[in-house]
Amino acid sequence: MTRISAAESHIMEALWRDSPLSADEIVGQVGPAQNWGEATVKTLINRLLKKKALVSERSGGRTRYRPLVSRAEYLTGESQGLLDRLFGGELAPLVAHYAKHRPLAPDEVARLKRLIEDLDDDDA
């Protein structure tokens, strides 16, 4: 899985919402919110192209970009990276940490129980 930095993820979010986009459209969507100029956004686009997270296509005389990495793939990679770095790749210690240090709302507890039940049903 291609490693996408936090800065690059802003570009990807714009493209996951609406693609393909031109560089100017990406600058317009991402630049003001991040206080980035055109050069910064274009540098990030080029990094993502080199990482093969994006592809560029010519259309109507303009270069447009679209993601090659889905948001789901990105989230899976980032989530696994977090688990690996902080909890030795194990999910239970992560859930235990949050349950101990952050109160779980009753609906969160219910969702976790349903998830466990669903996992148990899949194993049966």
Side-chain angles (χ1 to χ4, degrees):
M1 163 68 197
T2 301
R3 179 82 175 118
I4 296 171
S5 72
E8 294 163 345
S9 72
H10 295 289
I11 306 292
M12 296 300 290
E13 287 290 347
L15 290 164
W16 288 321
R17 276 191 311 273
D18 184 26
S19 73
L21 295 173
S22 69
D24 289 340
E25 291 168 326
I26 296 170
V27 169
Q29 287 191 26
V30 177
Q34 299 304 315
N35 201 25
W36 292 340
E38 182 178 343
T40 300
V41 174
K42 288 184 176 181
T43 296
L44 293 170
I45 290 170
N46 284 324
R47 284 187 198 166
L48 288 164
L49 286 166
K50 287 178 186 170
K51 292 179 177 184
K52 300 194 184 322
L54 299 182
V55 65
S56 64
E57 304 166 327
R58 294 287 291 171
S59 173
R62 297 182 80 182
T63 302
R64 301 175 76 71
Y65 302 92
R66 66 178 175 79
L68 290 176
V69 174
S70 72
R71 190 166 195 286
E73 290 170 319
Y74 168 71
L75 289 175
T76 298
E78 288 296 305
S79 299
Q80 189 60 52
L82 176 75
L83 279 177
D84 292 345
R85 283 189 313 276
L86 300 179
F87 297 99
E90 295 183 28
L91 184 57
L94 171 85
V95 175
H97 172 79
Y98 278 104
K100 189 174 187 179
H101 297 286
R102 181 186 158 275
L104 292 171
D107 67 313
E108 291 176 306
V109 172
R111 284 192 310 221
L112 286 169
K113 286 179 179 179
R114 278 194 305 274
L115 175 62
I116 292 168
E117 288 171 9
D118 290 347
L119 291 171
D120 282 344
D121 290 344
D122 288 346
D123 289 342

Short side-chain donor-acceptor distance under 3.5 Å, S22 and R62: yes
side-chain contact (heavy atoms from CB on, under 4.5 Å) between R64 and E25, worked out: CA-CA 9 Å; R64 301 175 76 71; E25 291 168 326; 3.4 Å; yes
Could you grab the distance from atom CG of L48 to atom NZ of K50, nearest 0.5 Å is fine? 11.0 Å
Of the options L21, I11, V41, which is the one that meets V27 in a side-chain contact (heavy atoms from CB on, under 4.5 Å)? V41
In this structure, CD1 of I26 is separated from CG of L54 (nearest 0.5 Å) by 7.0 Å
ring-ring contact (aromatic ring centres under 6.0 Å, His included) partners of residues 16-37, not counting sequence neighbours, each pair once: H10-W36, W16-Y74
Can R114 and R111 be said to form a side-chain contact (heavy atoms from CB on, under 4.5 Å), step by step? CA-CA 5 Å; R114 278 194 305 274; R111 284 192 310 221; 3.1 Å; yes
Only counting residues at least two apart or in another chain, list the ones meeting side chain to side chain donor-acceptor pair (under 3.5 Å) with E117. none
May I have the list of side-chain donor-acceptor pairs in residues 87-100 shorter than 3.5 Å, sequence neighbours left out?
none

Restricting to pairs with a member in residues 27-39, which pass salt bridge (charged side-chain N to carboxylate O under 4.0 Å, His left out), not counting sequence neighbours? E38-K42
Go through the structure and list residues passing side-chain contact (heavy atoms from CB on, under 4.5 Å) with N35, not counting sequence neighbours. none
Partner set under side-chain contact (heavy atoms from CB on, under 4.5 Å) for A105, not counting sequence neighbours: D107, E108
Does D84 have any side chain to side chain donor-acceptor pair (under 3.5 Å) partners at least two apart in sequence or in another chain, and if so, which? Q80
How long is the gap from CG on N46 to OG on S56, to the nearest 0.5 Å? 9.0 Å
Run the side-chain contact (heavy atoms from CB on, under 4.5 Å) test on E78 and E73 for me, step by step, so that the C-alpha distance in whole Å, both residues' side-chain angles and the decisive distance to 0.1 Å come before the verdict. CA-CA 9 Å; E78 288 296 305; E73 290 170 319; over 6 Å; no
Apply side-chain contact (heavy atoms from CB on, under 4.5 Å) to S5 and list each qualifying residue two or more places apart in sequence or on a separate chain. A7, E8
At their closest point, which heavy atom of M12 faces which heavy atom of A53, and how far apart are they? CE-O, 3.7 Å
Go through the structure and list residues passing side-chain contact (heavy atoms from CB on, under 4.5 Å) with R85, not counting sequence neighbours. L82
Clusters formed by hydrophobic residues whose side-chain heavy atoms approach within less than 4.5 Å: which one holds V55, and what are its other members? L68
Minimum heavy-atom distance between S9 and A6, given as atom pair plus value: OG-O, 2.6 Å
Each residue besides I116 in its hydrophobic cluster should be listed here, by chain and number; the cluster joins Ile, Leu, Val, Met, Phe, Trp and Tyr at side-chain heavy-atom distances under 4.5 Å. none
Considering residues at least two apart in sequence or located in another chain, which fulfil the salt bridge (Lys or Arg N to Asp or Glu O under 4.0 Å) criterion with R58? none
